[in-house]
Amino acid sequence: MDAAPVLRYLLAFALAPLLGGVITKTKAFFAGRTGAPLLQGYFDLAKLLRKGTVYSTTTSWVFRAGPVVTVGAVAVALALVPMGGTPAPLAFPGDFLLLAYLFALARFFTIAAALDTGSAFEGMGASREAQFSALAEPGLVLCFLALTRSAGDLSLSVSLGALSFAAWRSHAAVLALVAAALFIVFLAENARIPVDDPTTHLELTMIHEVMVLDHGGPDLALVEAASWLKLWVLGALVVGVAVPVRTGIPALDGGVFLAAMLLLGVAVGVVESAMARLRLLRVPQLLVASGVLAALATALISG
Amino acid sequence: MFEINTLLVGLLLVNFVLLGASRLGTSVRQVAAQGALLSLLTLAEHAGWSAPWRVWLLALGSGVVKAVVFPYFLRRALREADVRREMEPYVGFTASVLVGVTALAASLWLASRLPLPGPVASPLLVPVSLFTLLVGLFLLVSRRKALTQVVGYLVLENGVFCFGLALPEDAPLSVEVGILLDIFAAVFIMGIMIYHISREFDHIDTDRMSSLRDETT
Amino acid sequence: MGAFLAALGLIVGGGVASVLTGRRRSWRSRAAVTGIVAGSLCGLVAAVRVLAGAPTPTLHVPWRVPYGSFSLAIDPVSALFLVALFVLAPLASVYGGRYLEEEHGDESLGGVWLFTGLLVAGIALVFTARNAVLFLVAWEVMSIAAYFLVTFEHYRDEVREAGWTYLVATHLGTAFLIALFLLMGRAGGSLDFDEMQLGHASPPVAGLLFVLAVVGFGTKAGLVPFHVWLPEAHPAAPSHVSALMSGVMIKTGIYGLLRVLLLLPSPPAWWGWLLIAMGVASGLGGVLFALAQHDLKRLLAYHSVENIGIITLGLGVGLLGVHAGLPLVALAGFAGALLHVLNHALFKGLLFLGAGAVAHATGTRDLDHLGGLGKRMPWTGATFLVGAAAISGLPPLNGFVSEFLIYTGAFAAATAGRGAVLAAAIAGAAGLALIGGLAVACFTKAFGAVFLGEPRGTSAGRAREVAAALRLPMVALAAACAGIGLAAPWVLAGMSRALAQVARALGLPAPDAQIETLRSALAWVSLGSLALLAAVAAAAVARRLLLRGRTVAAGPTWGCGYAAPSPRMQYTASSFAQPLVDLFRPVLRTETAGTPPSGPFPAPASFASATPDPADRRLYRPVFAGVAALFGRLRWVQQGRIQLYLLYLVATLLILLLWKVR
């Protein structure tokens, strides 16, 4: 088997917390603060991995299974994503479906773990999460549909690999639509503003943050790691559509990809600083809009 | 005893008595007489004393059932229901007899128009059977008491049985036995029903039972 | 064929034996259960033999019914459906044996087992009948037997009402089926499926036949808007019967529709669109109404509607592929639909058995009064979780595999097609994605409300795990779900003969290449599933190693520092589903009632919500009321006097006689 995909996979594992750090640094910059160091994610993981944990007496094995299944699912999902023009370690026709449904599996167990605590806070977060991700699913699937139709192949690696700046020149409108739709899904799935505020767990804003309130120690480390990996997976998709560099030199492509990912982190930071979170009643409209954009893109691609 | 035409005329007269009868007991007796006459008619159809044993069996069986068993059931139902023994018809007795005469004329005319499969033992057979049938139907429609419904039904079936005798010999005898079984079951059930009706409502007057119909409010 | 006939004999014989031993406690269920299990094994052998490559066994016994002949045949498509039946039936019966003894031990159980045997045998005959008259007879036997099973607890008003609704609905469907078969016989020249020649049928006739089939078989399958009987009848029946009905009986509708499709060649495009549209409508309608339910079994019944929608969507994608000349699309669609038939039988059966266990242990099916049962009923909870994950289409279980195939068909159609095909594929893919997302929401609600958190009522607090006889079928079904999920390529290979038959009947080339493509994709999926299990296991092991030597304490739920949580403060099922129910209010029209809390100090308050089915409220009830009003105008004919009725008869007879004689 080719070494490059596996190498990129491992690199992604290693660099995912950095992305979170970039986002926080950007937001701090906008707020006029110095902010936490870029490597804060690694420090947090190390701290959490050293701790013990407390389990609530209300919970059962489902609560303990939640973080484990989440991180396992996202780790396998990462193996399905092509990065920087190199195909993914696991590439086959229909792999994007496995990706989407691995996220669904992770979501299922996160919600179940939240409900297992028997607390109204986690229940509220779980309920909202169920609603938003149900509406984000069609958007994600339609984005994949647009990509496969444009490439004529059912594999994500092939579809993203077929994109290039030349494709942007000829199909700018379509790819812009797809990129926009994917960006919205990216923000929604990763609990970023304008869908959710990842820095608070106040009632007004809590969706993702509140679901993991009762986890501690290594469990919380796994949850955090899963959220960064998910950021990386969806970010790789956005970057794959928005910045499809195909110079032919793998190392150069990889470097550009990495830079683009960090730029994406900056972009997310900018969006988070510039916008407020949407009213909860408006979020479904946003998600439906992303689906419509993707459907439009698909329809516009001539056969 | 086995002269067909005599028996048929006897049947005719019994029908007229049924039309004019004003008491339930008379009706039951007449139906019994009709049954006996019909069993004799069966034997007469098949050459009297020298008829095959199957015919004797059928004739004796049907005679016992119709002349003995049914009247017994009906009289028992009458006794247990303990109702007034008058008939109370919708159509008066004189009018009924006149209707009977019309029915006889109609059945004579119908019999001449019916395409029958083969030769018949007597030219009176089909008209009399049709007449019995019509008398039975008339009794069903024009009498008030539930018990007369049973009587009317029995007369109707007697008419059918008689008509069956007009068919050629190779008609299976099992048809006749089947009809008999039919009647037996029906009378049995009707007897039980009348008992229950009278127990529930203290009468067997179908006119007062019309309030049972399905109403929409 | 001998094994199959032995199967029928054993199944019905077991039921009869149970009637004869009616009141003898230890024997009555055992006889029937043994009969059904033994018969199912024989039937399974017969079916698997056909799928493995044996030639189609046939049976032809001349019958005195006009136009009818007692001819059976087990071809690969029938064998596939038979597998679903003969896997679920014995497991449901083992469960039912113990369940009925515990819940209804004092009653006479002979009748219920006789009808169970008749139901299973009837379904088996429906799947193998090759003559329209025999098919209809078996259909009626199945429907009537199911009616008696639904009304088992006939002393309860709602059960009687549900039975009545079911009876009327199924006979309305059968009326359409009779019309369908009569027309097919006229157009095709024979009522035997093997001798019908429908190739020359003109497009209007073929279209009419298709519509009749969709309505008639759709009523049994539970397609929107013919589904109104499903949410009434399935909760009313005892749980193992609900499992059988949801798992296999509604699939007879799909089987019938598929049979008709196989007999009508060259489907026009609008057939595929109609099925896709109805599939998406049923899927969305089913899952949305499931979200609004408080009763666990009613929720599961609506999910059956949803999954039938998914299967129909798959059939629609398949037809789309046939018409557009895209063999991969066609094959993927049909493969997904057929596999989902089997998968749904397994996980829906599992879920209904689990719901029955919960109802049995706590005495209630109301989601808002359950909770925390995962700790008290660990086996039931674990198997229910497997079923919930499977029905939501999550890897590594079997639901994902069949949805993957249908998606592949839709995506292939969108990639290669244009115009209307593209639009249909987009609608199908988006619809399926939304259905999947909502299913996850609904099943986290159901699983969470029943098994997680703290018990919300006293009966839930006293629940105990159910007996081994009830647990064993659930574990077996859960294992089957996981097994099919992981062994998907082999399962698809097992279905290849059925798919070849479908391809041949619809005029496609031999599907070996496409099956190979799908198989290799499924092999990758299985690899991904194994990787998933490995990753999860690795994470679990890592966590255990990390926690070794560290303090692992127990305490109350932190929940943002709230000091005195009570079970009543947990999110209930209705509150969990509220954002989605609110969002889809125009479709659901949930009615709420109650008194809100008012005043400065807490006073008693109440809240109740109910979501009536709009197909029932706004389609059937007005139509039936209109028909009743129309016939009410004829009521003057009924005077209540028997003499008058006899006069009607006599007059009619005399008129006829005079007319004939003249």
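Order of the sequence lines sets the chain letters (A, B, ...), proteins ahead of strands, with each chain counted from 1. Being a predicted model, the structure only gives us computed values, none of them experimental.
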Do A/Thr117 and C/Leu452 touch side chain to side chain, with heavy atoms closer than 4.5 Å? no
Any side-chain heavy-atom pair of C/Leu583 and A/Leu281 under 4.5 Å: no
Could you have a look at A/Val62, A/Val141, A/Thr58 and say which one has the most heavy-atom pairs with chain C under 4.5 angstrom? A/Thr58
Could you have a look at C/Pro396, C/Ala554, C/Pro579 and say which one has the most heavy-atom pairs with chain A under 4.5 angstrom? C/Pro579
Do A/Arg149 and C/Leu422 come close enough that some side-chain heavy atom pair is under 4.5 Å? yes
C/Leu547 side chain near A/Pro218 side chain, heavy-atom distance below 4.5 Å: yes
Which atom pair, heavy atoms only, marks the closest approach of C/Ala430 to A/Pro138? O-CB, 4.0 Å
Test item: C/Arg550 side-chain N/O and A/Arg50 main-chain N/O as donor-acceptor pair under 3.5 Å: yes
Who among A/Asp95, A/Thr57, A/Leu80 has the most heavy-atom pairs with chain C under 4.5 Å? A/Thr57
Mind listing the closest non-hydrogen atom pair of C/Ile426 and A/Leu142 along with its distance? CG2-CD2, 3.8 Å
Can you list the residues of residues 534-542 of chain C that sit under 4.5 Å from chain A, counting heavy atoms only? C/Ala535, C/Val536, C/Ala539, C/Ala540
Within the structure provided, determine whether A/Leu115 and C/Phe447 are in side-chain contact (heavy-atom separation under 4.5 Å). no
Non-hydrogen contacts under 4.5 angstrom with chain A: give the residues of residues 372-387 of chain C involved, or none if there are none. C/Lys375, C/Ala382, C/Leu385
Which atom pair, heavy atoms only, marks the closest approach of A/Asp153 to C/Thr415? N-CG2, 4.1 Å
Checking C/Tyr571 against A/Glu122: is there a side-chain donor and acceptor pair closer than 3.5 Å? no
What verdict does the side chain to side chain contact (heavy atoms under 4.5 Å, CB included) test give for C/Val525 and A/Phe92, after you've listed the backbone C-alpha separation in whole Å, the side-chain angles of each residue and the deciding distance to 0.1 Å? CA-CA 9 Å; C/Val525 167; A/Phe92 56 93; 3.7 Å; yes
Based on non-hydrogen pairs under 4.5 Å, which of A/Val54, A/Ile111, A/Leu145, A/Thr148 is most in contact with chain C? A/Leu145
Least distance between heavy atoms, A/Phe108 atom then C/Ser392 atom: CE1-OG, 4.0 Å
Considering heavy atoms only, which positions within residues 287-297 of chain A lie below 4.5 Å of chain C? A/Ala295
Side chain to side chain, C/Tyr407 and A/Phe144, heavy atoms closer than 4.5 Å: no
Max heavy-atom pairs within cutoff under 4.5 Å with chain C, candidates A/Ala146, A/Ala126, A/Gly139, goes to A/Ala126
Hey, would you say the C/Phe411 and A/Phe96 ring centroids sit under 6.0 Å apart? yes
Who wins among C/Thr444, C/Leu432, C/Leu533, C/Leu546 for the most heavy-atom pairs under 4.5 Å with chain A? C/Thr444
Would a 4.5 Å heavy-atom cut-off, applied to side chains only, mark C/Pro395 and A/Leu98 as touching? yes
Output for pair (A/Ser119 OG, C/Gln570 CD), nearest 0.5 Å, gives 9.0 Å
Heavy atoms only, distances under 4.5 angstrom: which of C/Met569, C/Arg543, C/Glu454, C/Glu403 has the most pairs with chain A? Name it, please. C/Arg543
Gap separating the OG atom of C/Ser529 from the CG atom of A/Leu105, nearest 0.5 angstrom: 9.5 Å
Going by residue number, which parts of residues 69-79 of chain A are within reach of chain C, meaning a heavy-atom gap below 4.5 Å? A/Val69, A/Val71, A/Gly72, A/Ala73, A/Val76
